[in-house]
Amino acid sequence: MSVPLLRNAILLSVTARIVSFSNRTIRKMSQTRFSSKIQIPTSNHKKNPGDESCNGGSAANIRVFVRKKRAKKSLEISPKEEVKAEEPRQQQLCSLPDIEDFAYGKKCGYSYSTQAPENWEKVLERIRRMRSSEDAPVDSMGCEKAGNSLPPKERRFAVLVSSLLSSQTKDHVTHGAIQRLLQNGLLNPDALDNTEEATIKNLIYPVGFYTRKASNLKKIAKICQLKYDGDIPSTLEDLLQLPGIGPKMAHLVMNVGWEIVLGICVDTHVHRICNRLAWVSRPGTKQKTSSPEETRESLQLWLPKEEWVAINPLLVGFGQTICTPLRPHCGTCTVSNFCPSAFKEISSPSSTPKKPRSN
DNA sequence: GTCCGGCACA
DNA sequence: TGTGCGGGAC
């Protein structure tokens, strides 16, 4: 399989996590729609690969943006801000390591280990095999094709909304909420902006944290209208300025919405499993990373970029079925002999992996 | 660290 | 019935 094709296939699997395509649809689409070359907006395309002076995708930069975002409590849009947002992107964006550039961390002055852990390829392969039955909730992606049938701009907005609603919410619940928004003509920034928060809240119920999400949706719709001409932000830093969008969701939206891979989407499963496998560590130490962001930063230093997108659905499903947060099923796990944490946490009395909840 | 909020599971 | 799930804001 050629590299672009492989990339498309990988991209598809993560797309599925968000917009919940059926597996059959994915297989079908990988032969059709995505067989063409991925289009990358020129404004976002990466700059000089060797330029380490600016690192748009680094955790350090993301933390700066998150800090800025938090400092900016109430998000008011003014023409002044709009001008500010137009700062040269060249200064904000920059390249991430090439696949072969494992020494990237050193180049950036980080003290993370850039050494790939022993046997990582074997471990990934075995996890892939364990996951081949596709019995994890992440694989049973309802049927949400709504976003997919929309024009690009609306599809991107649907991806953003899906991401926001999906956190800590079962896939079918997210799907239901998206469907209701769609049926009511609210899956676009203009309509959402002109809708009562209470209405949005009722429509998205019972997704997790629906009150806050309804409020965030309305704010996001307004921002998209005023600053992005009804589209979604096209850079990581702009996405991070949206209320309710943190590093994890921002990377997911970049990957799925814009089809640009700037970083690994690290959620709680990826964070937990990478630490259990000792694949990541705090800078200059062998201690576990303390946050998903730290995990992302550490993982990106050695994991080949080809794996950046695929790693999320792979480990999420693995984390849902076998390497569960509580009582991991080390007895049935085929990588336990490579895992320094195996059998060190209280295991479930039965060795049969149970069907966990979605997401 | 706590809170958000429904829900699955021990 | 209590608890943990999980990303983001504070």
Side-chain angles (χ1 to χ4, degrees), chain A residues 14 17-18 59 62-75 136-138 140 159-177 180 197-198 200-220 223 233 236-237 239-256 263-275 289-296 312-313 315-329 345-359:
Chain A
V14 159
R17 167 116 181 85
I18 289 303
I62 286 181
R63 280 199 294 270
V64 170
F65 282 113
V66 170
R67 272 204 299 276
K68 276 186 191 169
K69 180 180 175 177
R70 287 178 180 181
K72 207 163 132 191
K73 255 187 185 173
S74 58
L75 240 154
V138 69
S140 63
V159 167
L160 179 63
V161 175
S162 298
S163 310
L164 189 87
L165 296 184
S166 70
S167 82
Q168 209 270 321
T169 304
K170 287 181 178 179
D171 287 336
H172 78 269
V173 174
T174 308
H175 171 61
R180 288 190 293 278
E197 202 174 300
I200 301 171
K201 183 173 153 181
N202 289 335
L203 282 172
I204 64 173
Y205 179 90
V207 301
F209 313 139
Y210 54 88
T211 309
R212 184 164 296 173
K213 283 177 183 175
S215 154
N216 285 342
L217 270 181
K218 215 170 142 60
K219 286 179 190 162
I220 287 176
I223 294 166
L236 209 50
E237 59 270 30
L239 281 168
L240 283 166
Q241 291 189 4
L242 300 177
I245 300 294
K248 190 233 165 183
M249 291 309 176
H251 277 291
L252 214 43
V253 172
M254 282 309 287
N255 289 351
V256 178
I264 300 169
C265 173
V266 174
D267 65 6
T268 185
H269 295 287
V270 178
H271 174 56
R272 178 182 71 253
I273 295 165
C274 286
N275 274 296
T289 55
S290 56
S291 67
E293 265 305 279
E294 213 168 61
T295 300
R296 190 176 65 76
N312 177 277
L315 295 191
V316 168
F318 179 54
Q320 287 172 333
T321 52
I322 297 164
C323 198
T324 47
L326 284 172
R327 294 173 287 277
H329 304 95
E345 296 176 45
I346 306 157
S347 275
S348 120
S350 84
S351 57
T352 321
K354 60 178 183 301
K355 199 82 179 173
R357 31 189 314 233
S358 173
N359 207 22

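The figures that follow rest on heavy atoms only: side chains count, while hydrogens, waters and symmetry mates do not. Below, chains carry the letters A, B, ... as their sequence lines are ordered, and counting in each starts from 1.
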(request) Could you check how far CG of Asn216(A) sits from C1' of dG8(C), rounded to whole Å? (result) 9 Å
(message) Under the side-chain contact (heavy atoms from CB on, under 4.5 Å) test against Val266(A), which residue among Pro247(A), Pro292(A), Ser291(A) passes?
(response) Pro292(A)
(request) Quickly work out the His271(A) NE2 to dC5(C) C1' distance and round it to whole Å. (result) 15 Å
(message) Between Tyr210(A) and dG6(B), is there a contact of a side-chain N or O with OP1 or OP2 at under 4.0 Å?
(response) yes
(message) Measure OH/Tyr205(A) against C1'/dC7(B) and give the value in whole Å, please.
(response) 10 Å
(request) Write down the distance between CG (Asp267(A)) and P (dG7(C)), rounded to a whole number of angstrom. (result) 5 Å
(message) Do Thr324(A) and His329(A) make a side-chain contact, defined as non-hydrogen atoms from C-beta onward lying under 4.5 Å apart?
(response) yes
(message) Restricting to side-chain contact (heavy atoms from CB on, under 4.5 Å), what partner residues turn up for Cys274(A), sequence neighbours left out?
(response) Val270(A), Trp279(A), Val280(A), Thr295(A), Leu299(A), Leu315(A)
(request) Among dG6(B), dC5(C), dG8(C), find the nucleotide with the atom closest to the side chain of Met249(A). (result) dG8(C)
(request) Go through dG4(C), dG6(B), dG7(C) for me and flag the one nearest to the Leu326(A) side chain. (result) dG4(C)
(request) Check whether any side-chain heavy atom of Gln241(A) sits under 4.5 Å from a side-chain heavy atom of Pro233(A), and report yes or no. (result) no
(request) Ignoring the backbone of Pro325(A), work out which of dC5(C), dG6(B), dG7(C) is nearest its side chain. (result) dC5(C)
(message) If I take atom CG in residue Leu165(A) and atom C1' in nucleotide dG7(C), what distance separates them, rounded to the nearest angstrom?
(response) 13 Å
(request) Please report, rounded to the nearest Å, how far the C1' atom of dC7(B) is from the CD atom of Gln320(A). (result) 15 Å
(request) Report the distance from atom NE2 of His269(A) to atom C1' of dG7(C), rounded to the nearest whole Å. (result) 12 Å
(message) The criterion is side-chain hydrogen bond (donor to acceptor under 3.5 Å, both in side chains); which residues satisfy it with Arg272(A), sequence neighbours excluded?
(response) His269(A)
(request) Write down the distance between CG (Leu252(A)) and C1' (dG8(C)), rounded to a whole number of angstrom. (result) 14 Å
(message) From C-beta outward on Pro206(A), which listed nucleotide comes closest to its side chain: dG6(B), dG8(C), dG7(C)?
(response) dG6(B)
(message) Of the options dG7(C), dG8(C), dA10(B), whose atoms approach the side-chain atoms of Pro247(A) most closely?
(response) dG8(C)
